[in-house]
Colleague: 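Below: one structure in structure tokens.
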Amino acid sequence: MRAAGDQNQDGTGRPRPISRRKVLKRAALTTTLTAVGLGAARPAHAAEQGAVTTTARMAGTSLTLTLRDGTLHWSAHRNGKTVIDTSPLGLRLADGTVLGTDVTLTGTHRGTVHRTWKPVYGRNARVTDHYQEHRWNLRDNATGIRFGVRIRAYRTGVALRYVLLDQDNATTATATATATIADELTTFTFPTGTTVYSARDENAYELVAPHAIPVTGTSTTDNGPLTDLPLTATLADGLIACVCESSRVNFPRLMLSSVEGQPNTLSAFLMEHTARGTGPVETSTTVTTPFATPWRAVVIGSTHAELVDNAELVLNLAPESVLDDTSWIKPGKVFRCELSTAAGLAGVDFAVERGLQYIEYDAGWYGPEFTTLDATTPIAAIDMPSVMSYAASKGIGVFLYVNRLALTDADALFALYKGWGAAGIKLGFINDGTRSMTDQIIEWAATAAHHRLLIDMHDDVRPFGFERTYPNYISLEGVRGNEQFPTATHNVTLPFARNIGGPMDYTICYGQSRDKTTNAHQMAMAAVYYQPLNFLFWYDKPSKYATAGNWPGLPWFNAVPVTWDESRTLAGAIGEYIAVARRSGDTWYLGAMTNETARTLSIPLDFLDGDGSTAYTATVYADGEPGSSPFRTPVVVSTATVRSDTTLDVVMAGAGGQAVVLTPSG
């Protein structure tokens with residue numbers, strides 16, 4: 001009989017929160033690999049005197065483990081080119097033991113997996129999970145501690161993780177072995193000439209050499225030459241790589257740090273403080289063994305465009321969904337309402353008119369968010385039952401914002417909101433970073449799932465693939481957002497950096513005079529960015545768009561989906577430009593964006609069905625004659641008949657873009 005906490009359903013048929021122990025089990029933390037056909041033990045290869053190596057390979061991508069004189073290293077290559085040069089590996093335990101500098105190889109396993117799976121929503125309707133995995137079992141010579149390293153090679157990149165095995169010091173059948181990890185010693189040595197896109201919290205990206213990560217932090221946060229993940233590196237030979245993490249459970253968040261005296265190297269840094277310095281400092285992490293650390297993934301592209309299409313590697317490394325019923329999970333477009341009953345009702349009508357699925361009441365709906373700790377009572381200006389009832393009658397869901405300070409009893413609060421009829425919650429000022437906060441984030445996602453609520457987490461949180469494990473964890477921020485009106489260069493960096501790691505809540509600002517981009521640039525974001533929960537018309541109210549003829553981009557936003565059957569990145573260069581086409585049904589949506597440089601991209605439409613005989617109607621939303629500022633550049637709408645043998649010239653103004661709907665003509 002299962003313990004109540006591990007049951008998937010309660011008497012209402014709703015999914016229960018999944019215990020961390022169950023998530024741990026489902027995260028493939030079992031130390032045997034036979035469950036995925038990886039049980040065959042094989043000898044490692046002796047590459048040279050005193051060195052043993054093993055290499056996982058898949059379609060030109062490889063990751064090699066090396067044991068030389070008792071010390072562990074790794075390297076990665078794509079088509080013979082170096083992505084990660086020989087780099088040390090290891091873990092430091094709290095008692096000072098270093099696992100990885102004096103070890104003996106005790107066993108090896110290897111195998112290949114090839115399968116497909118269907119996400120609840122995503123960039124593609126089906127995801128291919130095809131990799132070769134090798135595992136080394138090792139013993140620390142000084143202490144006898146047993147541990148392992150697992151490596152995987154995909155066509156799309158490589159990944160590795162450590163496994164801490166059960167220790168031999170358990171004296172009874174019921175004894176529990178633990179290990180306390182103080183530091184992770186994984187390093188990433190890039191080839192000479194590499195540059196990286198470094199950013200921390202909501203700062204802008206800085207293009208620097210690996211040794212020159214800016215020193216950031218305060219007396220209450222982690223301090224040093226630190227950068228958040230995802231971290232994108234451009235290599236001198238044309239390759240591009242993005243370091244991410246996946247399957248982070250019971251473990252702190254990973255940052256990367258410059259290494260003094262090693263100009264091409266970044267090292268792992270396990271966060272000891274929360275991202276913005278609240279809560280206790282945690283200098284070590286105690287885990288129950290067997291335990292596997294998060295995957296350290298390197299998504300690789302032979303071209304910048306290919307990197308974007310390879311982002312699903314992060315999902316493939318994450319645990320499978322723990323929710324038996326996901327039919328209630330619906331991605332969609334959202335409109336933020338002003339804080340009154342009338343605004344909520346008008347927002348519902350606007351959502352219906354504009355093809356949106358949700359409205360949201362943001363900060364302030366229950367009072368000032370930093371001084372009001374009770375999020376159970378709306379302010380007098382909002383008749384919540386009336387708004388909820390009206391929204392339900394129109395088929396529109398309602399999201400409610402909650403500051404973390406009001407989350408003292410998330411289960412009771414989420415139950416209340418579900419009783420009101422809410423569809424989702426947006427959590428604000430979430431301070432990711434420590435192991436405790438990792439556990440808390442997963443617990444919030446599980447509790448929301450129990451109450452059939454979608455969840456969107458804001459501020460300095462970073463992705464780790466758990467939108468696969470809890471598909472109701474539908475989006476997160478963790479980025480310098482569009483509400484800060486960043487540059488066009490920033491906007492065309494994101495697809496190759498932050499968005500590689502996972503969904504990104506970016507609040508499209510169409511028609512905002514504070515934009516540093518054209519309106520067509522903002523429109524294109526809806527196709528270029530992966531945003532299964534897409535907030536549109538940020539800062540605006542329905543009355544602004546009452547005269548639809550003044551806003552020629554509205555039909556694009558009416559139609560564009562947020563989840564896709566197929567996605568293809570057609571062209572791109574980080575920080576310069578990008579063009580992405582995504583298909584829903586038989587209609588394609590193409591978005592293109594440029595930095596402050598005006599440019600024309602020639603885009604072959606060979607992704608369309610047919611041999612050139614099938615006609616499509618292309619509805620093109622393009623930049624008009626540049627105005628006195630990018631915002632004042634008009635959107636010009638035109639139509640054309642195109643086929644799969646057509647090359648489309650995508651003309652963009654400086655800081656501009658283009659959005660195209662491609663529909664079969666009949």
Side-chain angles (χ1 to χ4, degrees), residues 193-199 203-208 232-236 238-240 242 301 303-309 479-482 484-500 504 506 508-529 553 556 568-581 590-605 620-638 647-660:
T194 295
T195 53
V196 299
Y197 286 78
S198 170
N203 293 338
Y205 286 97
E206 296 187 52
L207 183 59
V208 297
T232 299
T234 54
L235 282 56
L239 295 179
I240 185 168
C242 186
T303 66
H304 291 212
E306 184 189 50
L307 178 75
V308 179
D309 284 343
V479 70
R480 185 174 183 82
N482 204 31
Q484 299 189 58
F485 304 106
T487 64
T489 293
H490 176 79
N491 292 339
V492 294
T493 300
L494 294 177
F496 309 92
R498 165 61 183 84
N499 216 187
I500 298 293
M504 182 177 71
Y506 202 58
I508 293 175
C509 297
Y510 172 66
Q512 267 293 319
S513 61
R514 291 174 286 177
D515 284 339
K516 296 183 178 71
T517 70
T518 71
N519 284 329
H521 182 103
Q522 294 286 323
M523 293 170 62
M525 290 177 181
V528 169
Y529 296 157
W556 161 265
R568 298 193 188 186
T569 304
L570 308 175
I574 186 169
E576 297 183 36
Y577 62 89
I578 188 167
V580 178
L590 191 159
M593 299 160 60
T594 184
N595 60 8
E596 286 72 19
T597 300
R599 71 182 79 236
T600 299
L601 301 178
S602 295
I603 304 295
L605 301 183
V620 179
Y621 300 85
D623 293 316
E625 190 67 26
S628 57
S629 67
F631 162 75
R632 298 188 181 280
T633 299
V635 174
V636 177
V637 185
S638 64
T647 295
L648 188 68
D649 286 334
V650 177
V651 181
M652 296 178 285
Q658 193 169 122
V660 184

Colleague: Are any side-chain N or O atoms of N595 and backbone N or O atoms of G575, one a donor and one an acceptor, separated by less than 3.5 Å?
Modeller: yes
Colleague: Is there a side chain to side chain contact (heavy atoms under 4.5 Å, CB included) between Y506 and N499 once you walk through the steps?
Modeller: CA-CA 10 Å; Y506 202 58; N499 216 187; over 6 Å; no
Colleague: If you define the side chain from C-beta out and look only at heavy atoms, does anything of V650 sit under 4.5 Å from V660?
Modeller: no
Colleague: Are the side chain of W556 and the backbone of A659 linked by a donor-acceptor contact shorter than 3.5 Å?
Modeller: no
Colleague: Quick one about T597 and E576 (side-chain donor to acceptor, distance below 3.5 Å, no hydrogens or angles considered), yes or no?
Modeller: no
Colleague: Answer yes or no: is there a donor N or O on one side and an acceptor on the other, between the side chain of K516 and the main chain of T487, under 3.5 Å?
Modeller: no
Colleague: To the nearest 0.5 Å, what is the distance between OG1 (T194) and CG (L235)?
Modeller: 4.0 Å
Colleague: Taking H521 for the side chain and P630 for the main chain, is one N or O donor matched with an acceptor at less than 3.5 Å?
Modeller: no
Colleague: Do side-chain atoms of T594 reach the backbone of M652 as a donor and acceptor pair under 3.5 angstrom?
Modeller: no
Colleague: I need the M593 CE to I578 CD1 distance, nearest 0.5 Å.
Modeller: 8.0 Å
Colleague: Please check if the side chain of Y510 supplies one atom and the backbone of G553 the other of a donor-acceptor pair under 3.5 Å.
Modeller: yes
Colleague: Indicate the atoms forming the closest heavy-atom contact of A573 with F496, along with that distance.
Modeller: N-CZ, 3.7 Å
Colleague: Within a strict 4.5 Å, meaning less than it, do heavy atoms of the Y205 and T232 side chains meet?
Modeller: no
Colleague: Quick check against the 3.5 Å criterion: does Y529 have a side-chain atom that pairs as donor or acceptor with the backbone of N491?
Modeller: yes
Colleague: Give the minimum heavy-atom separation between I603 and A571, together with the two atoms involved.
Modeller: CD1-CB, 4.2 Å
Colleague: Any side-chain heavy atom of N519 sitting closer than 4.5 Å to one from T633?
Modeller: no
Colleague: Considering non-hydrogen atoms only, spot the tightest contact between A204 and A199 and give its length.
Modeller: O-CB, 4.0 Å
Colleague: Yes or no on side chain to side chain contact (heavy atoms under 4.5 Å, CB included) for T303 and I240, after CA distance, side-chain angles and deciding distance?
Modeller: CA-CA 7 Å; T303 66; I240 185 168; over 6 Å; no
Colleague: Would you confirm whether Q658, through its side chain, and A592, through its main-chain N or O, come within 3.5 Å as a donor-acceptor pair?
Modeller: no
Colleague: Going from CZ on R568 to CG on L590, what distance comes out if it is rounded to the nearest 0.5 angstrom?
Modeller: 12.0 Å
Colleague: So, for F631 and Q512, which heavy atoms are closest and what is the spacing to 0.1 Å?
Modeller: CD1-O, 3.0 Å
